[in-house]
There are 2 protein chains.
Amino acid sequence: MPKSREPQRVRIEDVAEWAGVSIATVSRVLNKTGRVTEETAELVREAVEELGYVPHAAARGLASRKTNTLGIIFPEIAGLFFSALLRGIEAYVAENGYQPLLYSTQGKKLSRHNPLPLNEGNCDGLIIFTDSLDESYLRQLHERGFPMVILHRTPPEGVNIPCITFENKQGARQMMEHLLGVHGYRRIAFLGAEGVEDSTWRELGYREALAAYDVSFGLIGNGKFLEPAARHVVQGWLADGIVPEAIFAADDESARGAIAAIQESGRTVPQEIAVVGFDDTLLAQYWSPPLTTVRAPIEEAGRAAAAQLIRLIRTGQADPLTLLPTELIIRRSCGCPVRNSGR
Amino acid sequence: MPKSREPQRVRIEDVAEWAGVSIATVSRVLNKTGRVTEETAELVREAVEELGYVPHAAARGLASRKTNTLGIIFPEIAGLFFSALLRGIEAYVAENGYQPLLYSTQGKKLSRHNPLPLNEGNCDGLIIFTDSLDESYLRQLHERGFPMVILHRTPPEGVNIPCITFENKQGARQMMEHLLGVHGYRRIAFLGAEGVEDSTWRELGYREALAAYDVSFGLIGNGKFLEPAARHVVQGWLADGIVPEAIFAADDESARGAIAAIQESGRTVPQEIAVVGFDDTLLAQYWSPPLTTVRAPIEEAGRAAAAQLIRLIRTGQADPLTLLPTELIIRRSCGCPVRNSGR
DNA sequence: GGTAAAAATGTAAGCGCTTACATTCTAGCT
DNA sequence: AGCTAGAATGTAAGCGCTTACATTTTTACC
């Protein structure tokens with residue numbers, strides 16, 4: 001049985017033949033490398049158009065050892081945080097002639113034994129988002145000289161991979177100042193995510209502020225940065241008769257969970273328990289009550305990561321640490337009176 | 001000046017040498033193709049481990065004409081809709097040994113003159129999301145025999161590309177039945193997005209329902225599926241003294257905008273104007289009032305798209321049309337009394 | 001018109017793999 | 001021991017490009 005018509009791929013050779021030139025010339029026209037008479041160039045372009053030629057990315061990458069692609073490693077694809085980050089990356093990357101290639105580890109931790117599908121073969125550099133690669137693997141990649149930047153995670157010791165993160169501690173500190181200083185709350189609980197570095201820093205800000213105000217009350221729950229988990233934790237507290245004056249959720253999703261748990265218990269936010277968050281995603285301004293939170297410039301972080309990576313690829317240099325400032329967004333859930341919608 | 005230490009890439013040749021075998025054997029072990037003694041295989045695996053060898057994806061792709069990668073084309077990266085879809089795709093694709101490669105057109109419409117960076121060179125097939133490719137380009141790709149599926153858009157005439165979409169008209173119809181039949185509303189406005197196919201179908205459902213109930217009132221605004229645009233449209237209506245009994249927003253973001261505009265005008269939802277949406281994303285259950293909407297199985301759509309594409313790649317066959325059912329989610333914004341939170 | 005430098009184009013050697021085919025080895029026969 | 005089928009492994013030809021270098025053509029100038 002004859003194989004069903006295998007649609008012939010158009011190759012550079014076909015273009016060359018059509019235009020009556022050599023493949024080298026075609027390549028030169030396409031890549032604008034080397035000089036070619038305008039006449040010939042036009043002829044080649046016509047051939048490309050006529051035949052519908054599209055260069056084969058893999059072949060090109062193999063031959064030139066560049067892919068013009070940046071790999072982006074995410075632990076999972078979810079939520080607005082991710083969207084915003086990606087938007088920032090994408091915008092910057094596109095402006096600079098690269099295309100982003102995404103890979104999500106879906107919770108699996110990658111190591112040398114379970115290596116990344118993204119490597120020199122298909123991208124020129126990597127943006128690594130949080131904790132998805134184990135330390136020795138990260139180190140190995142880095143030693144190979146593969147350009148990488150890390151988002152929201154300090155690189156392992158001795159490995160100087162550029163890092164982009166928020167002023168987490170500082171932001172948390174500010175929020176706590178507001179809760180402690182303006183509202184006078186003392187019994188403030190913290191809802192973090194164990195093992196997530198952002199959360200750890202925010203927690204540190206929380207602790208420091210508490211210490212600064214000489215408050216001995218401290219309550220820390222693991223809301224895993226997920227609404228259901230956070231809701232569950234707070235339900236547990238309330239059931240056990242532990243009723244803080246305020247809950248500082250280390251991200252907006254946890255805040256959402258906390259509010260749900262409190263409201264389900266028949267209590268009101270912020271009158272009985274205030275709740276504040278971190279990130280300012282999730283349309284938090286539309287919640288009831290509108291959420292007081294710390295705005296993290298997520299999109300900006302994406303842009304910064306892309307910028308550092310491209311710089312690293314091109315010049316071999318990049319800033320070891322980029323710290324992005326956060327901003328306190330006061331709405332209603334902390335107990336403040338209406339002022340502005342925080343738009 | 002000597003070039004700074006160029007870190008040598010480990011190639012299959014190095015592995016072969018270390019293990020004392022030929023590169024063909026290494027390849028066979030790695031791809032589990034052809035027979036190799038367990039002894040030799042083990043030796044090769046040791047070499048791989050020892051040297052930290054990772055195959056070069058481009059070279060592999062070039063030689064084998066397979067990339068195990070699926071390209072996913074999005075108009076833009078934004079919102080929860082996208083996240084959910086991607087999650088569905090990613091889950092299915094990963095289970096089947098592929099990895100997704102994303103490309104966002106950022107609003108630009110791609111054509112033959114501005115071709116896709118994703119092609120035979122770096123992926124084995126394409127999932128195309130809405131209107132990001134022009135018709136003749138789509139046709140050309142299809143004629144080349146490149147496997148593709150389309151999400152939320154009917155393929156151009158004569159081109160039988162498998163298509164995955166929601167029961168948009170049906171879902172809109174159901175919602176309208178609720179508004180017309182249960183609540184008895186007659187002055188119902190529609191907030192769509194011009195040129196978006198999903199919106200067009202939903203609008204058709206809206207019109208049909210109106211006709212079925214012999215309602216002559218009809219008001220259609222272009223909210224562009226964006227909160228600010230929708231808000232603006234509704235502000236305009238209200239300012240002009242046009243006050244419908246209900247607004248059917250063709251997606252949740254527009255619904256959000258409509259609610260905002262109404263509330264800003266000092267009116268209440270749903271008492272004075274009811275608002276309903278479509279998609280059930282965006283934590284719509286937490287809004288104030290909780291949004292009555294049509295749930296579209298977004299994640300399921302992603303999964304279905306991936307499934308069809310992989311089937312197409314492997315067998316050359318796929319279902320021409322996959323229609324995913326929607327579900328009416330009654331909450332409060334339509335005027336219904338509290339029943340359940342729609343969790 | 002002749003010559004040399006510059007410009008334009010062509011030739012061919014890879015890039016790091018897979019894989020068809022060739023070769024060598026092993027084991028089971030006679 | 002000698003022979004052979006089958007298993008194990010090796011050899012080498014590409015995959016479709018880029019690019020260093022070789023060659024040819026043009027231009028500018030004497």
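A note on names: the letters A, B, ... follow the listed sequences, proteins ahead of strands, and every chain is numbered from 1. Heavy atoms only: backbone and side chains are in, while hydrogens, waters and symmetry mates are out.
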| Could you state the CD-C1' distance from A/Glu38 to C/dA8, rounded to the nearest angstrom? | 14 Å

| task | Starting at atom CD of B/Glu42, determine the distance to atom C1' of D/dT9, rounded to an integer number of angstrom. | result | 18 Å

| query | Residues in side-chain contact (heavy atoms from CB on, under 4.5 Å) with A/Thr165, at least two apart? | reply | A/His152, A/Asn168, A/Asp198, A/Leu321, A/Leu323

| said: Going by salt bridge (Lys or Arg N to Asp or Glu O under 4.0 Å), name the residues that satisfy it together with B/Glu46, two or more places apart in sequence or in a different chain. | reply: none

| task | Round to the nearest Å and state the distance from B/Arg35 atom CZ to C/dA27 atom P. | result | 15 Å

Output a table of nitrogen or oxygen pairs between the protein and nucleotides 15-22 of chain C separated by less than 3.5 Å.
{"residue": "C/dC15", "atom": "O4'", "partner": "A/Arg65", "partner atom": "NH2", "Å": "3.4"}
{"residue": "C/dC15", "atom": "O2", "partner": "A/Ala63", "partner atom": "N", "Å": "3.3"}
{"residue": "C/dG16", "atom": "N2", "partner": "B/Ala59", "partner atom": "O", "Å": "3.3"}
{"residue": "C/dC17", "atom": "OP1", "partner": "B/Tyr53", "partner atom": "OH", "Å": "2.7"}
{"residue": "C/dC17", "atom": "OP1", "partner": "B/His56", "partner atom": "N", "Å": "3.4"}
{"residue": "C/dC17", "atom": "OP2", "partner": "B/Ile12", "partner atom": "N", "Å": "2.8"}
{"residue": "C/dC17", "atom": "O5'", "partner": "B/Tyr53", "partner atom": "OH", "Å": "3.2"}
{"residue": "C/dT18", "atom": "OP1", "partner": "B/Asn31", "partner atom": "OD1", "Å": "3.4"}
{"residue": "C/dT18", "atom": "OP1", "partner": "B/Asn31", "partner atom": "ND2", "Å": "2.9"}
{"residue": "C/dT18", "atom": "OP1", "partner": "B/Arg60", "partner atom": "NE", "Å": "3.1"}
{"residue": "C/dT18", "atom": "OP2", "partner": "B/Ser27", "partner atom": "OG", "Å": "2.6"}

| request: Sequence neighbours left out, what passes side-chain contact (heavy atoms from CB on, under 4.5 Å) with A/Ala305? Give chain and number order. | output: A/Ile127, A/Val149, A/Leu151, A/Ile164

| field | side-chain contact (heavy atoms from CB on, under 4.5 Å) involving A/Ala63 - partner list, sequence neighbours excluded | value | none

| Pairing residues for B/Glu13 by the salt bridge (Lys or Arg N to Asp or Glu O under 4.0 Å) criterion, not counting sequence neighbours | B/Arg11

| message | So, using ring-ring contact (aromatic ring centres under 6.0 Å, His included) as the criterion, who are the partners of A/Tyr98 when residues are at least two apart? | response | none

| request: Describe, as an angle rounded to 10 degrees, how the axis at the first end of the helix from C/dG1-D/dC30 to C/dT30-D/dA1 is tilted relative to the axis at the last end, five pairs per end. | output: 50°

| remark: Hits for salt bridge (Lys or Arg N to Asp or Glu O under 4.0 Å) against A/Arg28, two or more places apart or cross-chain, chain-then-number order -> none

| message | Would you say B/Thr40 places a side-chain N or O within less than 4.0 Å of OP1 or OP2 belonging to D/dA8? | response | no

| Any luck finding a side-chain donor-acceptor pair between B/Asn68 and B/Gln99 under 3.5 Å? | no

